[in-house]
Amino acid sequence: MDVVPTLAPNDGWWRGAVIYQIYPRSFADGNGDGIGDLAGITARLDHAARLGVDAVWLSPFFRSPMKDFGYDVSDYRDVDPMFGTLDDFRALLARAHQLGLKVIIDQVLSHSSDRHPWFLESRRSRDNPRADWYVWADAKPDGTPPNNWLSVFGGSAWQWDTGRCQYYLHNFLASQPDLNFHHAPVREALLDMMRFWLDLGVDGFRLDAINFCYHDASLRDNPGRGRPAAGDPTAPASNPYAWQLHRHDKSQPEALDFVREVRRLMDGYPHTTTVGEIGDEAGVAMVAQYTDGGDRLHMAYCFDLLSPDATARYVHGVIERFEAVAGQGWACWALSNHDCMRLASRWGGAEPPPALLRLAPALQLSLRGSSCIYQGDELGLPEAEVPFELLQDPYGIAMWPEFKGRDGCRTPMPWEADGPHLGFGSGERAPWLPADPLHRLHAVDRQEADPGSLLHHYRHLLRWRRRHPALVQGTLRLWPVHEQLLAFERADGDERLLCAFNLSPRAAGALQPLDEGVCQGAGRDGAALRFEPWGVLFARLA
């Protein structure tokens, strides 16, 4: 007789939550070695708490050769010494919980480092106990790779191994071999590893590249589409990865079975959550698919709003596509993260309009779903200029100069305008990436002292949003598409709010007369409403 597992209680805190992403290398350096660490994060956690977010998400801090800065894990159960120790992590966890913050940590499941003991054993022979833990394939008769799959970071997704005389799959760097999810012991080992961190007390996981876990077991070629006129959300047009339709190397239907296994694990731990990263051309549809029902991920995000396109028509289309297929699915909307150009520069150009930087969080925090804010966006940080000779990102080095990589959004957090390295660390050693002098103008201490700063605007928005259930958990109804104005209604119980945004640098026409409202850059013109460039309106509807 099958035993039905007991479900742990879950208060749903994550539904409508706001999560603050911390990139550990660049947040705060606690020991002066030029690299951010767990002790530095712990010392600065009050910044996230004062901002008013519900949780922090920590990018990887596990043991790693750092070829991809922690997204190449060599030991899933330990902290890399550059970040500290497991005791440092326990201290961080305790301090976060003391401040009322949940802690979500990255889990890089689709691939490991080539230094991981699992891979070292797997590559030793074709018949050892872990021979099938990674994706191995024979060469074609002419010695070329088994198919046409490409790596996100450039070139073939297959790397030759002279020991096994086979190719192994790597969707990212050659030093990041893909685990074979068709092999049950792999899934069991990863779930057991996640159990280790849950037992330690983490509140949830952000699942890196979760739709990359499975590949087509028949290794069929991807169809081509030619060079696109513009890059898709996962790769720029100058990267040949964007020239394929990725039908067979990722986003396979079997991934949903593993997602259900993850959910069964999470359901055994009270008040925990998962947020999946979906890197696929069918972004919002897959967010819905991976989160629909009560047996999959709690929430997920995709790259659709990480695009440079911030027009009303485009954003309306993203919301419309998601709402059409959402079902019971739940999105976690991100406008920025550690993988893309900073929001201020991507949407605002070389001189981002201050009103646009205030509109962006107002829009994000009024969408139906949860939200993820990337460190420094609350300061309005522009993309940093990192010269080629100082680049660290292997993706940028390979694709320079058409694509400059991800270092520009990963430079040190500016805490003190007049401090060494902008207050990133107490030591004299230079940070791993240079602190951008232009970020001095946006430093935390300067914005703390200015009640009209963007930092205070974020705090105000987050406090205000908490008072409106319609914005946290209500339904959403889009108004008709408009070339400049994006408008939708949020409703919960007796509360019904209109949220309207002028996503253009030009004044915009009226929507309809309203009895009352609070706004920024919008007002009455007789019986109608007018919007200034980048104007925002929140209004109660009868």
Side-chain angles (χ1 to χ4, degrees), residues 14-23 26-27 48 51 53-60 71 102 104-107 204-211 232-235 273-288 290-291 297-310 314-315 317-319 321-322 326 329-348 356-357 359-381 383 406 408-410 458 461-462 465 471-472 476 486 501 503:
W14 49 271
R15 189 175 286 272
V18 180
I19 302 164
Y20 185 78
Q21 183 193 354
I22 291 175
Y23 191 70
S26 301
F27 194 65
L51 196 60
V53 300
D54 301 284
V56 293
W57 150 31
L58 306 181
S59 289
Y71 285 94
K102 306 287 189 181
I104 295 170
I105 66 171
D106 243 306
Q107 292 289 272
F205 299 117
R206 179 263 187 184
L207 303 175
D208 181 66
I210 189 63
N211 62 304
D232 65 36
T234 57
T273 193
T274 49
V275 53
E277 178 198 34
I278 307 293
D280 192 89
E281 298 91 332
V284 291
M286 291 193 64
V287 166
Y290 275 62
T291 60
L297 302 181
H298 297 85
M299 48 187 170
Y301 76 88
C302 62
F303 288 70
D304 290 47
L305 290 185
L306 300 175
S307 163
D309 192 339
Y314 176 79
V315 178
V318 172
I319 301 170
R321 291 195 303 276
F322 179 72
W330 194 255
C332 184
W333 298 105
L335 302 186
S336 191
N337 66 24
H338 65 291
D339 279 332
C340 63
M341 180 183 289
R342 280 219 174 256
L343 172 65
S345 301
R346 182 165 30 89
W347 280 15
L356 169 59
L357 298 185
L359 176 150
L363 166 60
Q364 179 180 7
L365 294 171
S366 59
L367 294 173
R368 189 174 76 88
S370 304
S371 286
C372 196
I373 297 169
Y374 180 49
Q375 66 180 49
D377 280 351
E378 74 278 17
L379 307 177
L381 297 186
E383 181 82 350
R406 302 163 295 177
C409 67
R410 298 177 175 183
Y458 266 78
L461 273 174
L462 284 160
R465 179 179 179 269
L471 294 178
V472 178
L476 183 147
L486 173 71
F501 310 89
L503 286 165

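FYI, the numbering just counts along the sequence from 1.
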Ring-plane angle category for His338 and Tyr23, please: parallel below 30°, perpendicular beyond 60°, tilted otherwise. parallel
Query raised in the report: Should Trp14 and Lys102 count as side-chain neighbours, where that means a heavy-atom distance under 4.5 Å?
Result: no
For Ala300 and Val287, the nearest pair of non-hydrogen atoms, with its separation, is O-CG1, 3.5 Å
Next item on the list: Please check if the side chain of Arg321 supplies one atom and the backbone of Val284 the other of a donor-acceptor pair under 3.5 Å.
Entry: no
_side chain to side chain contact (heavy atoms under 4.5 Å, CB included) assessment of Phe501 paired with Ser366_ = CA-CA 11 Å; Phe501 310 89; Ser366 59; 3.3 Å; yes
d(Gln364 CD, Leu461 CG) to nearest 0.5 Å is 10.5 Å
Note to self: Are the side chains of Leu363 and Leu335 in contact, using a 4.5 Å heavy-atom criterion?
What the structure shows: no
* **side chain to side chain contact (heavy atoms under 4.5 Å, CB included) between Tyr458 and Leu379, worked out** => CA-CA 9 Å; Tyr458 266 78; Leu379 307 177; over 6 Å; no
dist Leu305:CG -> Tyr314:OH (nearest 0.5 Å) comes out at 6.5 Å
### Task
Please answer whether the main-chain N or O of Arg342 pairs with a side-chain N or O of Glu383 as donor and acceptor at a distance below 3.5 Å.
yes
For Gly376 and Tyr20, the nearest pair of non-hydrogen atoms, with its separation, is N-OH, 3.8 Å
Is there side-chain contact between Ile105 and Phe205, with heavy atoms separated by less than 4.5 Å? yes
In short, Ala17 meets Asp54 closest at the heavy-atom pair CA-OD2, 3.4 Å
*Taking the side chain as every heavy atom from C-beta outward, state whether Tyr301 and Cys372 have any atom pair closer than 4.5 Å.*
no
Flag for Asp106-Tyr71: side-chain donor and acceptor within less than 3.5 Å: yes
Rounded to the nearest 0.5 angstrom, the CG-CG distance for Leu462 and Leu365 is 5.5 Å
With side chains defined as the heavy atoms from C-beta onward, is the minimum distance between Gln375 and Ser26 less than 4.5 Å?
yes
- Between Arg465 and Val472, is any pair of side-chain heavy atoms under 4.5 Å apart? yes
Arg368 and Trp333 have their tightest heavy-atom pair at O-NE1, 2.9 Å
Does Tyr374 use its side chain to pair, donor to acceptor, with the backbone of Cys409 at less than 3.5 Å? yes
**Report entry** Check: Gly279 main-chain N/O paired with Asn211 side-chain donor or acceptor under 3.5 Å
**Finding:** yes
(message) For the residue pair Ser370 / Trp330, report whether a side-chain donor-acceptor contact shorter than 3.5 Å exists.
(response) yes
The single option from Asp377, Ile373, Leu306, Leu343 that satisfies side chain to side chain contact (heavy atoms under 4.5 Å, CB included) with Asn337 is Leu306
Checking the side chain of Gln21 only, and the main-chain atoms of Ser59 only, is there a donor and an acceptor separated by less than 3.5 Å? no
Determine whether a donor-acceptor pair (N or O, by modelled atom type, separation under 3.5 Å) exists between the side chain of Arg346 and the backbone of Ala310.
no
Note: Asp339 and Glu277 closest approach over all heavy atoms is OD2-OE2, 3.8 Å
Checklist entry - Just wondering, do Trp347 and Leu357 contact through their side chains at under 4.5 Å, heavy atoms? => result no
Quiz prompt | Check: Thr273 side chain, Gly204 main-chain N or O, donor-acceptor pair, under 3.5 Å | solution = no
Side chain to side chain contact (heavy atoms under 4.5 Å, CB included) with Tyr290: of Thr274, Ile278, Leu207, only one passes, and it is Ile278
(request) Report yes if the side chains of Met299 and Ile19 come closer than 4.5 Å at any heavy-atom pair, otherwise no. (result) yes
Rounded to the nearest 0.5 Å, the SG atom of Cys332 sits from the CD1 atom of Ile104 at a distance of 7.5 Å
What one should report as the nearest heavy-atom pair of Ala48 and Val56 is CB-CG1, 3.9 Å
Value for CG (Leu367) from CG (Leu486), rounded to nearest 0.5 Å, stands at 8.0 Å
